[in-house]
Amino acid sequence: MTPPDQDTPDRPPAPIISRLLGDPRVAQARLGRRIGRLPYFTKVESATGPITRMEGREILNFGSNNYLGLANDARVISAAQEAAARWGAGVTGSRLLNGNLALHEELEEALRRFYGRTGALVFSTGYGANLGLMSVLLGRHDRAWVDEEMHASVLDGVALARANMKRFGHNDPEDLLAQAAEDTHPGICVVEGVYSMRGDRAPLRRFLEVCRASRLALIVDEAHGLGTVGTRGLGTVEDEGVVQDADFITITFSKSLGSCGGAIIGDAEQIEALRFLTRPFLFTAANTPASVAAALAALRILQAEPGLVRELKERVRSLREALHARGLRPIPSDGPIVSVEVGADFDTLQAWRLLWNRGIYANPVVSPAAPAGKGLLRLSVMRTHEEQMVRTVADACADVFSDLQLSHEGRGKVAS
Ligand code: PMP
């Protein structure tokens, strides 16, 4: 038998590969990299703090989800180190089989107690928690009602279930009510406690009423609410008094808890059912000991020191006030994400670029993450930002908006 020829230079790629390489987004990324303007995959060369080394420079970082600064906390880091030394670098298997460490169960116990619920299930990522929950709850003839700003992990879970998805207007429970009133399919409603792009909070009390009236299960993704909203940092569910009422709450460890992984919180019986049925939980390796131990240490710090949430909120207030003082109008919220509407995608990328030139890292949000023409500049606050840093970023944003002749109120280009 002749061995397959691996070096045939002229062989055209299979059509499916050509299509992949020809995707306009890939072509755009290639071009962006050539002209050095790509705002994505920025090379990070240090731990993620208020000042982070990126692409060879010390950068003022307003683009990280390390809201409470716990990713760099010495206690969290040593918990990760000790866990790796004790349990190994990885668990080499699914929790169903050989990967179910006592450490995973300890974190589940701590999480369910933190939320005052009876069950919790730990996943290797927050993405997996949402993917798993949607795909296990929904069947092909069910309905998923999702906010139009919903995170990709939820959309992908609905797609995996091949369920029918319907969108309602952003943060608009009345739109949900109007649409769901006519619908007889069993269904779920999914909202985010704090929206990842716009940073605003969901009116959860009203959503709960609408879900009850429409016989829908309510799921709240608190990826950005954990550690940032509520007196104890449970998320918007705490502020709105629905911790016990939401059917499920999903969280990630990759933001306030400074680690990696995610969880579903709910009632014991339902969580036990999920443990046996959820394919994105069963058919993947368990989260690493270091990540689980870091999340557990961070959770314990958050529980023992609710003052951390207060300090973060003070920083958020300072940034909002500083932006307002310079005429800018961020989308109203009190969560850690402070987004300012810019307008066209091109202007949004330009604004990002001008901030980068001044040594500031933020996140541009352009289509499809934001509706076309409604690009955002997203600033994420860390508890560890200093007041001077907050003033610096506010000054820079005001200058950039002026330089690009953008309306400070977020109405796009000012006519010149
Ligand atoms: N939900 C939301 C709202 C998110 O913003 C994210 C992370 N971007 C996730 C879920 C997924 O979390 P993870 O990073 O842990 O996969």
Side-chain angles (χ1 to χ4, degrees), residues 40-41 44 48 63-68 70-71 76 104 107 111 120-135 144 146-160 167 170-171 188-202 204 207 218-229 234-237 246 248-265 278 280-281 284-288 290-292 294-296 298-299 331 333 335-339 362-366 368-370 376 378-382:
Y40 309 114
F41 299 103
V44 178
T48 296
S64 154
N65 303 307
N66 186 13
Y67 299 130
L68 294 178
L70 293 178
V76 175
H104 294 109
L107 178 56
L111 284 169
L121 191 61
V122 162
F123 284 69
S124 303
T125 62
Y127 177 90
N130 276 339
L131 190 75
L133 182 59
M134 307 311 143
S135 63
V146 298
D147 188 286
E148 64 188 4
E149 297 273 335
M150 185 52 60
H151 191 260
S153 51
V154 169
L155 308 186
D156 291 357
V158 176
L160 188 58
R167 314 295 287 257
H170 176 55
N171 265 344
I188 60 173
C189 160
V190 199
V191 295
E192 290 176 35
V194 175
Y195 279 86
S196 58
M197 296 299 150
R198 298 178 64 80
D200 49 354
R201 291 168 34 163
L204 291 180
F207 271 115
L218 175 63
I219 297 165
V220 185
D221 178 344
E222 287 286 10
H224 296 271
L226 169 60
T228 71
V229 175
L234 271 62
T236 304
V237 285
F248 295 103
I249 299 166
T250 60
I251 56 167
T252 171
F253 312 152
S254 69
K255 304 186 195 298
S256 287
L257 298 186
S259 179
C260 196
I264 303 173
I265 322 285
T278 309
F281 170 76
T284 191
N287 202 353
T288 63
S291 295
V292 177
L296 185 57
L299 181 67
I331 293 166
S333 179
I337 298 164
V338 180
S339 287
N363 291 121
V365 183
V366 294
L376 304 170
R378 180 174 72 152
L379 304 171
S380 305
V381 180
M382 289 185 248

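When a residue number appears, it is its place in the shown sequence, counting from 1. As the structure lists them, so they are numbered: ligands from 1, and atoms in each ligand from 1. Values below: all heavy atoms of this structure, side chains included; hydrogens, waters and symmetry mates excluded.
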To the nearest 0.5 Å, atom CG of N363 lies from atom CE of M197 at 7.5 Å
Do F123 and T250 have side chains that approach each other closer than 4.5 Å (heavy atoms only, starting at C-beta)?
no
Contact summary for V237 and L234, nearest pair of heavy atoms:
CG2-O, 3.7 Å
Residue pair G199 / V194: nearest heavy atoms and the distance that separates them
O-CG1, 3.6 Å
Heavy-atom distance under 4.5 Å between the side chains of C189 and F207, does that happen here?
yes
Per-ligand residue contacts, ligand 1, heavy-atom threshold under 4.0 Å:
T125, G126, Y127, N130, H151, S153, E192, S196, D221, A223, H224, T252, S254, K255, G261
Within-4.5 Å side-chain heavy-atom neighbours: V220 and T236
no
